[in-house]
Amino acid sequence: MANELTKDKTDRIVSTISKQGLGSLIQPLTKEIHLFDSYIAGITHLNDKSVLRTIQINDTLHLQREKNQFDQKAILVLTPDKKKLGYIPEKDNIIFSRLMDAGKMLTAKIKNIEHQRHYTKVTISIYLVDF
């Protein structure tokens with residue numbers, strides 16, 4: 001049969017998974033769905049502001065739920081190397097936190113970085129990663 005999975009193909013799949021991980025196989029099957037544009041809140045409260053010199057437009061940022069005494073729907077925004085940048089603003093996070101709590105994967109990309117006198121405004125686009 002033409003559609004049978006042969007040993008040769010199976011060996012290549014196993015080899016790819018063991019060398020590159022499962023993510024390399026499903027990567028072509030993922031798509032990002034743009035949900036919303038916002039900004040990163042809390043940048044002025046960063047202990048280490050040097051992290052702002054490492055980010056660039058189009059960087060993909062990690063979003064992570066956080067237990068927070070001030071905001072039960074808090075979502076951390078992390079750099080590509082997992083350093084804290086700030087939060088999704090409280091006024092914007094209710095739907096995103098529900099999606100994340102339901103197991104959906106969200107990411108963000110930097111749209112713009114605006115350095116002002118004593119403040120840096122980072123505008124982001126938020127995406128749902130769909131498989």
Side-chain angles (χ1 to χ4, degrees):
M1 285 187 143
N3 291 332
E4 286 184 25
L5 186 62
T6 65
K7 184 177 186 316
D8 182 28
K9 288 180 183 174
T10 303
D11 287 344
R12 280 188 276 170
I13 291 170
V14 170
S15 176
T16 301
I17 291 171
S18 60
K19 287 180 185 173
Q20 300 173 3
L22 187 58
S24 64
L25 283 177
I26 64 171
Q27 185 80 28
L29 304 175
T30 64
K31 62 181 176 181
E32 294 176 332
I33 301 167
H34 179 251
L35 299 177
F36 193 74
D37 290 337
S38 190
Y39 63 94
I40 300 175
I43 288 177
T44 56
H45 301 291
L46 284 174
N47 292 330
D48 180 12
K49 293 196 189 320
S50 69
V51 70
L52 296 172
R53 291 191 296 270
T54 67
I55 60 172
Q56 299 177 27
I57 292 175
N58 292 323
D59 278 357
T60 298
L61 306 174
H62 300 278
L63 301 181
Q64 177 181 309
R65 288 285 274 125
E66 180 187 71
K67 290 188 184 220
N68 185 309
Q69 66 182 2
F70 303 107
D71 179 7
Q72 302 229 344
K73 304 292 183 193
I75 301 172
L76 265 172
V77 180
L78 305 168
T79 65
D81 57 343
K82 307 276 178 99
K83 293 182 181 171
K84 181 179 176 178
L85 276 174
Y87 294 88
I88 300 296
E90 186 175 5
K91 68 180 184 66
D92 295 337
N93 69 9
I94 189 161
I95 299 298
F96 305 126
S97 63
R98 287 179 184 169
L99 286 167
M100 292 176 82
D101 291 347
K104 301 299 180 187
M105 182 177 169
L106 300 180
T107 62
K109 287 188 183 175
I110 298 176
K111 269 183 83 169
N112 191 36
I113 302 170
E114 186 180 332
H115 298 285
Q116 298 170 353
R117 240 185 198 170
H118 302 288
Y119 178 73
T120 300
K121 182 176 182 179
V122 181
T123 307
I124 59 173
S125 294
I126 300 169
Y127 296 87
L128 170 67
V129 179
D130 191 25
F131 299 95

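Everything quoted here is computed from the prediction, not taken from an experiment.
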Exercise. Can you measure from CG (D71) to CD1 (I94) and round to the nearest 0.5 angstrom?
Key: 9.5 Å
Practice problem: Measure the spacing between CD of E32 and OG1 of T107 and express it to the nearest 0.5 Å. | Solution: 4.5 Å
Exercise. Give a yes or no on whether L128 and M100 share a hydrophobic cluster (residues Ile, Leu, Val, Met, Phe, Trp, Tyr; joining criterion: side-chain heavy atoms under 4.5 Å apart).
Key: yes
Quiz item: Atom CG in N93, atom CD in Q72: separation rounded to 0.5 Å?
Solution: 11.0 Å
Quiz item: Taking it one step at a time, do T123 and K121 satisfy side chain to side chain contact (heavy atoms under 4.5 Å, CB included)?
Solution: CA-CA 6 Å; T123 307; K121 182 176 182 179; 4.2 Å; yes
Quiz item: Do L85 and V122 pass the side chain to side chain contact (heavy atoms under 4.5 Å, CB included) test, and can you show the C-alpha distance, the side-chain angles, and the key distance before you say yes or no?
Solution: CA-CA 9 Å; L85 276 174; V122 181; 5.7 Å; no
Quiz item: Looking at CZ of R53 and OG1 of T120, how far apart are the two atoms once the value is rounded to the nearest 0.5 Å?
Solution: 10.0 Å
Exercise. Quick one: do I95 and L35 satisfy side chain to side chain contact (heavy atoms under 4.5 Å, CB included)? Show the steps, please.
Key: CA-CA 10 Å; I95 299 298; L35 299 177; over 6 Å; no
Quiz item: Say you draw a straight line from CG of D101 to CZ of R65; how long is it, rounded to the nearest 0.5 Å?
Solution: 4.0 Å
Self-check item: Within one Ile-Leu-Val-Met-Phe-Trp-Tyr cluster: L99 and I124, side-chain cutoff 4.5 Å
Solution: yes
Quick one: side chains of residues 55-63, donor-acceptor pairs under 3.5 Å with protein atoms, not counting sequence neighbours, listed by atom name and distance.
from: D59; atom 1: OD2; to: Q56; atom 2: N; distance (Å): 2.9
from: H62; atom 1: NE2; to: P80; atom 2: O; distance (Å): 3.3

Self-check item: E66 atom CD, over 12 foreign heavy atoms within 6.0 Å
Solution: yes
Quiz prompt | Closest contact, heavy atoms only, S97 versus I75 | solution = N-CD1, 3.6 Å
Practice problem: Under the side chain to side chain contact (heavy atoms under 4.5 Å, CB included) rule, what do Y87 and N68 come out as? Steps first, then yes or no, please. | Solution: CA-CA 11 Å; Y87 294 88; N68 185 309; 3.8 Å; yes
Self-check item: Closest heavy-atom pair and its distance - A41, P89
Solution: CB-CA, 4.0 Å
Quiz prompt | Distance, nearest 0.5 Å, that separates NE2 of H34 from CD1 of I126 | solution = 8.0 Å
Self-check item: Nearest atoms (heavy-atom pairs only) where T44 meets Y119
Solution: CG2-CD1, 3.2 Å
Quiz item: Applying the 4.5 Å side-chain criterion to the ILVMFWY set and letting contacts propagate, would I88 and I110 be lumped into a single cluster?
Solution: yes
Quiz item: What are the two closest heavy atoms between K111 and S125, and how far apart are they?
Solution: CD-OG, 2.9 Å
Quiz item: Among the clusters formed by ILVMFWY side chains lying less than 4.5 Å apart, do I40 and F36 turn up in the same one?
Solution: yes
Self-check item: Results of side chain to side chain contact (heavy atoms under 4.5 Å, CB included) for L46 - residues two or more places apart only
Solution: I43, K49, V51, L52, K84
